[in-house]
Every structure is written in C-alpha cells, then in structure tokens.
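The figures that follow rest on heavy atoms only: side chains count, while hydrogens, waters and symmetry mates do not. Each ligand, and each atom within it, is numbered from 1 in the order the structure gives. Numbering of residues begins at 1 and proceeds along the displayed sequence.
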Amino acid sequence: MSSHKRYNTFSDELKRHFGCKVQRISVDAGLTCPNRDGTLDTEGCIFCGGHGSGSFGIRRGLSVAGQLEDGKEVMRRKYRAAKFIAYFQAYSNTYASVDQIRKLFSEAQAVSDVVGVIIATRPDCLPDDVLEYLQELSRETYLWLELGIQSIYDRSLLFINRRHDYAASVDAVRRAKSRGLRVCAHVILGLPGETSAEVLAMAEELNRLGIDGVKLHLLHVMKGTRLAEMHGRGEVELLDRDGYAGLVCDFLECLEPHILIHRLTGDGGHDNLIAPLWSLKKFEVLNLIDAELERRNTWQGIRLSRQQSIPEI
Ligand code: SF4
C-alpha cells in the first residue's frame with residue numbers, strides 16, 4: 001500500500017510501473033453510445049448530459065494525436081509529467097468496428113511519450129473481435145479497460161436507464177479477464193434505494209469478479225438531464241458529504257487490498273452541476289476520506305483480511 005494513503009492508489013501504481021510521473025490525458029474519439037444513438041434508447045442514462053464524459057476534442061476539430069499533443073504541454077507545465085496515458089473517456093470507446101478502433105488507438109500509440117491507453121466503455125459494447133484486438137494491443141502497450149458497471153443491482157440499472165443488466169457486466173469482465181486484460185470497474189455509490197449493506201455487498205462482488213481496479217462515483221445531478229427533472233420534483237435523495245465519505249471508507253474496507261483505486265470521487269464539472277455542490281471541492285472530500293480511515297485506524301481490505309497492520313503491496 002502507498003506510503004501516504006490507506007488505500008492502493010493508481011497514481012502510485014503508475015510510478016511503480018514506469019518509474020516516473022505519468023499523467024492521463026482525456027481524448028475524445030468522436031464515437032457515440034448505443035443508449036443515445038437510438039440503438040437501445042435516445043435518452044441515455046438519467047445522469048448523462050448528452051456528451052458522455054471527458055474532453056470533446058474531436059468535436060472541437062482536433063485529431064486524436066492533436067488532442068494528445070495539446071494535453072502533453074498542459075500536463076508537463078501543470079504536473080511536471082514525463083510520460084502520458086491516452087484516456088479514451090467520452091462515450092463508449094469500443095462502439096465502432098474493429099478497423100475504426102484500431103485506427104484510433106494506433107494513432108494514440110504513435111504519439112511520443114504516450115506509454116499507455118485507457119479505454120472506457122459499456123459492458124455491452126465488447127464483442128469478441130474487439131476484445132481480441134485489445135488483447136493484441138495490450139501486448140504492445142500498457143492498457144486498461146474501464147467498464148461502466150455502475151451497480152450490481154438490476155433494479156438500480158433500470159432506475160438509471162442503463163439499458164443493460166448486471167449479467168452483461170459479469171460476462172464482459174469474464175471475457176476481458178480471460179484475455180489477460182486489466183479491468184477497472186466504474187461503480188456509483190449511494191444510488192437511491194440501495195442500502196449500505198447492499199453497497200458493501202457490491203465490494204464483495206467486485207472482489208469475486210476479479211477486477212483489477214475501481215473508480216467510484218457519486219450521483220451527480222447535471223443540468224439538462226432526466227435526473228435534474230427528477231431532482232427538481234424532489235424525487236431523488238442524494239448523500240451528504242459525510243455520508244458519502246463514510247460509505248467510501250466502508251466500501252474500501254471490504255475491497256481486496258490489491259485492487260487499484262483509480263478514483264474515489266468526482267466533481268461533475270463546475271458549469272453544469274446542480275447537486276451535490278459539496279462535490280466541487282474534491283480535495284475536501286478526499287481529505288475527509290483520509291481522515292475518516294485514520295480515525296477508524298482502518299484501510300483497504302481490513303474487513304477481509306483482519307490484518308493488524310497496513311499490508312505492503
Ligand atoms: S453509457 Fe455513458 S455515454 Fe451512454 S448514455 Fe450512459 S453515461 Fe451517457
């Protein structure tokens with residue numbers, strides 16, 4: 001485990017793996033999503049503002065390589081980063097033919113100092129030919145597949161209009177893992193109607209699935225979304241800051257210590273966020289999580305291992 005955190009951070013893993021400061025650069029591949037283009041639905045998930053998430057470089061007329069060159073300059077100045085990972089974040093980045101995908105990721109790979117790719121997608125957008133190509137790519141570069149699992153409960157997936165069930169996530173993780181890919185699961189903590197016990201059962205289920213990383217989200221209410229309408233009508237209860245931090249600590253305590261924590265909170269973006277506004281102060285939320293683990297004298301995986309000290313990873 002990291003020297004300064006009570007959980008296993010992805011940033012420390014990058015330092016261990018590459019021996020230098022590595023930063024992710026969000027890249028927009030210009031793809032879309034079956035939950036938006038009419039294949040499954042046109043409205044998307046209730047929290048989706050219609051832009052997926054991440055940067056919108058292609059829509060600003062920049063190529064993949066152009067976005068990475070721009071991002072490298074910013075990351076060098078801001079974080080003194082030496083190497084970079086192309087983070088295909090917006091929409092569903094495997095929702096295209098293998099040839100299209102190959103072209104996009106090869107373009108990223110060819111940019112100097114880009115040492116890896118992270119590909120975010122939906123679990124139902126992973127046909128075998130795409131996985132076969134990702135397996136091939138993973139032999140050439142440091143690759144992570146990020147899967148939007150969001151919840152293990154079908155009633156929650158129905159509530160957020162995800163348009164796939166949990167069985168689709170299990171199938172995607174199993175097929176990706178059987179090809180040796182690193183898998184990071186995105187999950188939302190505190191979806192309305194999920195009890196604390198159910199959230200903790202989700203950590204245990206992720207342990208069983210054998211994922212390698214996790215990215216935790218809270219439910220953000222963004223302007224122009226169906227969730228905003230529901231929130232406006234008083235139909236959605238959101239967690240407060242202390243409640244979220246406590247739930248994150250409980251979740252971490254139930255998670256296998258080797259699972260890398262890619263993210264514990266997000267801010268949803270200043271311009272369009274309606275609630276919860278406390279999430280804008282991301283560092284305060286992270287500090288609160290650190291302080292709570294310290295106060296409890298607990299760490300990632302303690303409830304599984306019953307270890308008496310923080311494990312070395
Ligand atoms: S899967 Fe992603 S891009 Fe598609 S509707 Fe849901 S949040 Fe939006």
Side-chain angles (χ1 to χ4, degrees), residues 24 26-60 64 67 87-96 100-101 104 118-127 130 144-173 176 183-192 194 211 213-231 236 238 262-263 265-269 271-276 279:
R24 285 167 278 193
S26 286
V27 179
D28 172 16
L31 300 177
T32 177
C33 163
N35 204 12
R36 285 236 154 243
D37 71 0
T39 303
L40 296 172
D41 204 329
T42 51
E43 298 204 0
C45 305
I46 58 169
F47 49 78
C48 179
H51 304 293
S53 59
S55 81
F56 311 107
I58 289 267
R59 281 157 262 264
R60 295 196 317 264
V64 164
Q67 293 173 63
Y87 184 13
F88 288 86
Q89 187 180 12
Y91 292 95
S92 303
N93 290 286
T94 54
Y95 188 50
Q100 264 178 290
I101 293 168
L104 289 165
I118 299 177
I119 298 154
T121 195
R122 290 168 55 96
D124 57 353
C125 290
L126 277 176
V130 166
W144 277 85
L145 184 63
E146 289 195 357
L147 288 180
I149 291 177
Q150 315 306 3
S151 175
I152 64 168
Y153 303 106
D154 283 344
R155 69 170 200 279
S156 295
L157 296 172
L158 205 61
F159 170 76
I160 62 175
N161 196 41
R162 192 71 191 167
R163 293 302 207 127
H164 65 71
D165 57 11
Y166 178 57
S169 298
V170 173
D171 178 57
V173 173
V183 175
C184 173
H186 285 227
V187 289
I188 303 174
L189 291 198
L191 278 171
E194 287 185 9
I211 55 145
V214 75
K215 206 163 181 181
L216 301 186
H217 298 266
L218 54 120
L219 196 57
H220 285 116
V221 183
M222 308 299 288
K223 286 178 192 162
T225 60
R226 279 168 66 197
L227 185 59
E229 290 167 23
M230 295 160 87
H231 183 258
V236 190
L238 300 174
H262 289 231
R263 181 195 269 179
T265 183
D267 58 26
D271 296 340
N272 294 316
L273 182 70
I274 295 174
S279 68

> Does Thr121 reach the side chain of Val130, with side-chain heavy atoms less than 4.5 Å apart?
Replying inline: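 Answer no - side chains too far apart.
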>> Side chains of Tyr95 and Thr32, heavy atoms from C-beta outward: is any pair under 4.5 Å?
In response: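 They are in side-chain contact.
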> If hydrogens are left out, which of His186, Arg36, Gln150, Arg162 has an atom nearest to atom 2 (Fe) of ligand 1, that is, the closest non-hydrogen atom?
Replying inline: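 Going through His186, Arg36, Gln150, Arg162 one by one, Arg162 has the nearest heavy atom to atom 2 (Fe) of ligand 1.
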> Any idea which of Ser92, Cys48, Pro123 brings a heavy atom closest to atom 8 (Fe) of ligand 1?
Replying inline: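 When every heavy atom of Ser92, Cys48, Pro123 is considered, Cys48 comes closest to atom 8 (Fe) of ligand 1.
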> Glu43 near ligand 1, heavy-atom distance under 4.0 Å?
Replying inline: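 Judged by the 4.0 Å heavy-atom criterion, Glu43 does not count as contacting ligand 1.
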> Which is it for Cys33 and ligand 1 at heavy atoms under 4.0 Å: side chain, backbone, both or neither?
Replying inline: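 Side chain only.
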Using a strict cut-off of 4.0 Å, indicate which atoms of ligand 1 neighbour a heavy atom of [X].
{"X": "Arg122", "answer": "1 (S)"}
{"X": "Gly44", "answer": "5 (S)"}
{"X": "Cys45", "answer": "1 (S), 5 (S), 6 (Fe), 7 (S)"}

> How long is the span from the CD1 atom in Ile211 to the CD1 atom in Ile149, to the nearest 0.5 Å?
Replying inline: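 The CD1 atom of Ile149 is 6.5 Å from CD1 of Ile211, to the nearest 0.5 Å.
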>> Check the orientation of His186 and His217. Use parallel for under 30°, tilted for 30 to 60°, and perpendicular for over 60°.
In response: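 Correct class here is parallel.
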> Given Met222 and Leu273, is the side-chain contact (heavy atoms from CB on, under 4.5 Å) satisfied, shown in steps?
Replying inline: CA-CA 5 Å; Met222 308 299 288; Leu273 182 70; 3.7 Å; yes
> Looking at residues at least two apart in the chain, or sitting in another chain, which of them share a salt bridge (charged side-chain N to carboxylate O under 4.0 Å, His left out) with Glu229?
Replying inline: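 So Glu229 forms no salt bridge (charged side-chain N to carboxylate O under 4.0 Å, His left out) with any residue.
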